[in-house]
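Shown next, in structure tokens, is the structure this report addresses.
If you read the sequence from its start, that first residue is 1, and numbering goes on from there. Here the structure is a predicted model, which means the values were calculated and not measured.
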Amino acid sequence: MHRTQCSILMQLRTGHIGLNTYLAHFGAVDSPLCHMCQEPETVNHFLFTCRRFCQPQDNLCPALFTDGCQPLNKKSVLGKTKNCMALLAYVAATGCFPRYAPPPS
């Protein structure tokens, strides 16, 4: 894995990532709410419920749990090494963090 990939995964795990809930702590944004959903823009919201990312979410969920038995939450998704590539593909598909786009091949 590249350093940028490791960095984005760690930021998702810790919640120290450029989402409004985190940025509002420092006054970088006026509100911790998602601009579209008007809910706190947390990692869980970004990964699973934000309406801006319905299509990438539709691709993420089956890639994470092929048996369909696992709960979709931050701990279950970010705590498993096997989910790393699906998460990185999701982040790239959302376009939210262009700094962490995959390096050119």
Under a 4.5 Å cut-off applied to non-hydrogen side-chain atoms, are L19 and V43 in contact? yes

Using the ring pair (Phe, Tyr, Trp, His ring centres under 6.0 Å) criterion, which residues pair with H35? Sequence neighbours excluded. none

Checking H16 now: which residues fulfil side chain to side chain contact (heavy atoms under 4.5 Å, CB included) with it, not counting sequence neighbours? T14, Y22

Under a 4.5 Å cut-off applied to non-hydrogen side-chain atoms, are L33 and P40 in contact? yes

Are V91 and M85 in one and the same hydrophobic cluster, where Ile, Leu, Val, Met, Phe, Trp and Tyr link if side-chain heavy atoms are under 4.5 Å apart? yes

Which one of L12, T4, N83, I8 satisfies the side chain to side chain contact (heavy atoms under 4.5 Å, CB included) criterion with L88? I8

Sub-4.5 Å side-chain heavy-atom contact between L60 and L87: yes

By ring pair (Phe, Tyr, Trp, His ring centres under 6.0 Å) - contacts of F46 (at least two apart): F53, Y90, F97

Not counting sequence neighbours, list each pair that qualifies as a side chain to side chain donor-acceptor pair (under 3.5 Å) and has a residue in residues 49-64. E41-R52, H45-T49

May I have the step-by-step check of side chain to side chain contact (heavy atoms under 4.5 Å, CB included) for C84 and L9, ending in yes or no? CA-CA 8 Å; C84 289; L9 291 173; 3.7 Å; yes

Residue pair L78 / R13: nearest heavy atoms and the distance that separates them: O-NE, 2.8 Å

To the nearest 0.5 Å, tell me how far C96 SG sits from I17 CD1. 9.0 Å

Shortest non-hydrogen contact from Q5 toward H2: OE1-N, 2.8 Å

Sequence-distant partners of A24, side chain to side chain contact (heavy atoms under 4.5 Å, CB included), two or more places apart: V29, P32

In the single-linkage hydrophobic clustering (I, L, V, M, F, W, Y; side-chain heavy atoms under 4.5 Å), do M36 and F48 co-cluster? no

Identify, with sequence neighbours excluded, every residue that meets side chain to side chain contact (heavy atoms under 4.5 Å, CB included) alongside S7. Q11, Y100

